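Note on naming: letters A, B, ... go to the chains in the order of the sequence lines (proteins, then strands), and numbering restarts at 1 for each one. Quick caveat: nothing in here was measured; it's all calculated off a predicted structure.
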There are 2 protein chains.
Amino acid sequence: MNKKEFRIAVAGYGHVGKDTVKTIIENNQTIEKRTGIKLKIKTVFSRNIDKVKNDKYLDSIEIKTKDLNDILNDKEIDIIIEVLGGIDTAKTLIMEAKKGVVTANKALLANCFSEIVANRKTDIAFEASVAGAVPIIKALKESLVSDKIESVYGILNGTCNFILTNMTKNNLNFNVVLKDAQAKGYAEANPTFDIDGIDTAHKLCILSSIAFSNIIDMNKIFIRGIRNIELSDIVFAKEFNYTIKLIAEASIDKDNNVFIFVIPTMLKEDNMLSKVDYAFNAITVVGDRSGDNVFYGAGAGGRPTSSAIVSDAITIARNSIITDKLRIPILGFVEKNNDIKVKDFKEKNEIFYIRFSSSKNNFETFNKSFVENKIIIEESKEKNNNFMFILKEANINKITKAIENIEKIENIFIARIKS
Amino acid sequence: MNKKEFRIAVAGYGHVGKDTVKTIIENNQTIEKRTGIKLKIKTVFSRNIDKVKNDKYLDSIEIKTKDLNDILNDKEIDIIIEVLGGIDTAKTLIMEAKKGVVTANKALLANCFSEIVANRKTDIAFEASVAGAVPIIKALKESLVSDKIESVYGILNGTCNFILTNMTKNNLNFNVVLKDAQAKGYAEANPTFDIDGIDTAHKLCILSSIAFSNIIDMNKIFIRGIRNIELSDIVFAKEFNYTIKLIAEASIDKDNNVFIFVIPTMLKEDNMLSKVDYAFNAITVVGDRSGDNVFYGAGAGGRPTSSAIVSDAITIARNSIITDKLRIPILGFVEKNNDIKVKDFKEKNEIFYIRFSSSKNNFETFNKSFVENKIIIEESKEKNNNFMFILKEANINKITKAIENIEKIENIFIARIKS
């Protein structure tokens, strides 16, 4: 037997950690027969290791510990899998580890990419950080490597997509659906992170950094979530054969101007992403050679996430053997594209849909203020104190200015219409 | 500069060859900045090199030749890209090359896999052979490597999908649409290869060999194309909210029984593949961990195909540096799964739709013969001498037996209904 065994430490034993251990143990033979690589879990770390010690999947594991040093100081460990969640301990582990690390920690990556990449001498893989099992990171880093990537856009948050799908299919209000999602475990008790688009933005930060060969600053991403959506918006969209999705998008033009944003978006029926329902995720990558490539799959959940994590361990095992200069680069580039200019999405002219709820205003108030600000109205409609407009090309700054002096607007919802 | 340059020979200068040369030349900087690898085309081979010699993309290329030995005997060449088309010369090149080869030649691979793999000491990559730019081969070989693959199914032939989409959207007959496709260059003058499902089967052979870790014999694939489809079949399908697609499918059960088949298939509206229109391709991979993963993109065309070819060259460059035992295996497995048993699809119980055209028979003839053969009819309909049935679970052998003695059937169309 000339096969190589790689010793693994799994840090974190929540549902993703547990499923990772299960996948490695249950599918070890399959993995070895396919890749020639044997993964052996030596150590499992958990803050609550005492509570899970008797878990049958941990029987065969040599070291069960709540001391992170048992991983950091163990020279026998080849690859560390970080599935702790949260930032602090995870960051310590990733910064101090002197071996390849697999992580699913999108918040950490999005906020500390520069620091992490600059400090690492070994590999870090993070397929599981975006869209669960969907192999979008590998596709961007390795498969679409001969394309100039023109844009990446997708549905990256299962909670939001579950809510929007449910509203659309069952004609329900946002609050009703959110409560249902919380009851079913699709949404957190405090859903801010998901419904305000922050989680989506973390993932977009990762995707766009790879796509445009530069680390994208989280603060430069325009973020607007779905908190203000009402059933009337969805009904209006349907009338024009649009489906509303929370879309994360990053695009680059020929002059290297880059726009990166998260915003509710009306998609035409023939856009594949308009068909992505409930908790599923999907990403379209537009390449100058390959055209539109869509990747669709389970965006979350322990089992799918473990699939991405374990294949990352295999990739790290192979990559570690490749000469330094030819290794697959952590962020998919060996040389940064310093030419990119990240612009403010608020300045980008797009076709927008906007709806105001107000019992104190009338159609003329809105109409007049758009006209005064030279914003052309393409379609408009009023129903039950909801004033709905589709505007000809305009930007968010201009629209904001047009409405800033209108009093008594209770709820504004804005969506981009994707051409 | 410590970067590595890889010298390339491109064998074949049809539209894929030309676009491959263009992609390497035009995107060379992007590729180098992303991967650290510089691809340099040293040689272009074409049987008609004299005719294309003055092509501006060939200006910078050192050797332009119609002698294959100029590639085979050149020790400076690191990677050969085979885009000749046809079998004979391509096979010679692939068998005799002592360096990594990239090929898009699905017919050659499907028919000679065992021979090719057994004889090669160096790498062979073939992302472009299935679904153009869609990175399904890498996904199966590397990304979904920790999954037990349960099934792979997809739309793998753009011509058939173009025809079916056009019939469905515009209520047109098969022959009208085929002629239109031929006029537009979407279908060959002799369309047999596409519409009878052979091209689809070649691609399925490649996908299933990887998915189930064994070389699948082309002769064991059940193949039924779309030649006999009529508008009445599509209209019937629509009534039940089904869309008809030519689906290639390979599945494995827990006892390692494998079924591999190409057959017109009625898909439910919520199946992502039912939304794949015109010349696009898409593949669903079902993994035991990741669940359903869908990959969608341009299935053909010079530019998209060149994207897959050039990234394969990068993968080969990296893979060549990895220790023999840990290299990414050519077919995605280092150890063959000898347990698989490829079964006859004709014996598989499925829900089938069947339509007979006959002016000499009546509904009772068909009805009686199904009942006599213990095949239960779920739905039935007669319109303009078309007798249409949905049958409860049955297999093709049983159905064939039931109808073999009925005379004067002019046209039989059979489709599987995918649950």
Side-chain angles (χ1 to χ4, degrees), chain A residues 2-4 23-24 27 30-37 127 132-135 138-139 142-148 213 270 272 275-277 282 287-298 303-304 306-308 310-311 314-315 317-318 321-323 325-326 328-329 332-335 337, chain B residues 2-4 23-24 27 30-37 127 132-135 138-139 142-148 213 270 272 275 277 282 287-298 303-304 306-308 310-311 314-315 317-318 321-323 325-329 332-335 337:
Chain A
N2 204 356
K3 285 174 192 162
K4 184 121 172 62
T23 295
I24 294 176
N27 282 3
T30 307
I31 296 167
E32 194 179 346
K33 284 185 177 176
R34 290 178 73 183
T35 63
I37 292 167
E127 185 65 81
V134 182
K138 203 181 193 70
E142 301 179 49
S143 297
L144 299 168
V145 86
S146 59
D147 276 80
K148 283 180 189 139
S213 296
D270 63 354
M272 284 296 284
K275 322 294 182 189
V276 175
D277 288 332
D288 75 331
R289 306 285 144 174
S290 56
D292 282 23
N293 305 277
V294 182
F295 301 83
Y296 164 99
R303 276 174 81 90
S306 79
S307 158
V310 181
S311 5
I314 299 291
T315 299
R318 288 199 178 110
I321 296 164
I322 306 183
T323 333
K325 288 279 165 186
L326 287 187
I328 305 159
F333 59 88
V334 291
E335 203 176 309
N337 180 1
Chain B
N2 202 357
K3 284 174 191 164
K4 182 117 172 65
T23 295
I24 293 176
N27 282 3
T30 307
I31 295 166
E32 194 180 345
K33 284 184 176 175
R34 289 177 74 183
T35 63
I37 292 169
E127 186 65 81
V134 182
K138 204 180 192 67
E142 300 179 50
S143 296
L144 299 169
V145 85
S146 58
D147 276 80
K148 283 180 191 139
S213 295
D270 63 353
M272 284 297 282
K275 321 295 182 190
D277 288 332
D288 74 331
R289 306 285 144 174
S290 56
D292 281 24
N293 304 278
V294 182
F295 301 82
Y296 164 98
R303 277 174 81 88
S306 79
S307 158
V310 182
S311 3
I314 299 292
T315 298
R318 289 199 178 112
I321 296 164
I322 305 182
T323 334
K325 288 279 165 187
L326 287 188
R327 252 183 227 167
I328 304 160
F333 58 87
V334 291
E335 203 177 310
N337 180 0

Audit row: B:I37, A:L326, side chain to side chain contact (heavy atoms under 4.5 Å, CB included) steps and yes/no: CA-CA 7 Å; B:I37 292 169; A:L326 287 187; 3.2 Å; yes
Pick from B:D270, B:D292, B:I328 with the largest number of heavy-atom pairs that fall under 4.5 Å of chain A: B:I328
Contact winner vs chain A - B:L144, B:T315, B:V134, heavy-atom pairs under 4.5 Å: B:L144
Top of A:V145, A:V310, A:I321, A:N293 for chain B proximity - count of heavy-atom pairs under 4.5 angstrom: A:V145
Over all atoms of both residues, closest heavy-atom pair of B:S307 and A:S290: OG-CB, 3.7 Å
Option in A:T23, A:T30, A:I31, A:I24 with maximal non-hydrogen atom pairs under 4.5 Å from chain B: A:T23
Heavy-atom pair count under 4.5 Å with chain B, highest-scoring of A:P329, A:A133, A:P304: A:P304
Heavy-atom contact with chain A under 4.5 Å, split by part of B:K138: side chain
Between A:S146 and B:N27: side-chain donor-acceptor atoms closer than 3.5 Å: no
Interatomic distance, B:I322 atom CD1 to A:R318 atom CZ [nearest 0.5 angstrom]: 6.5 Å
Winner by heavy-atom pair count (cut-off under 4.5 Å) against chain B, out of A:K148, A:M272, A:R289, A:E142: A:R289
When B:G132, B:P135, B:G297 are compared by non-hydrogen pairs under 4.5 Å with chain A, the top option: B:P135
Between CD on residue A:E32 and CD on residue B:E335, distance to nearest 0.5 Å: 7.5 Å
Proximal component of A:D288, with respect to chain B [non-hydrogen, under 4.5 Å]: both
Chain B contact via A:I314 - side chain, backbone, both or neither, heavy atoms under 4.5 Å: side chain
Distance in Å, A:S213 OG paired with B:R34 CZ, rounded so as to fall on 0.5 Å steps: 5.5 Å
Shortest non-hydrogen contact between B:G36 and A:V334, atoms and distance: N-CG2, 3.4 Å
Between B:K275, B:E127, B:R327, the one whose heavy-atom pairs under 4.5 Å with chain A are most numerous: B:K275
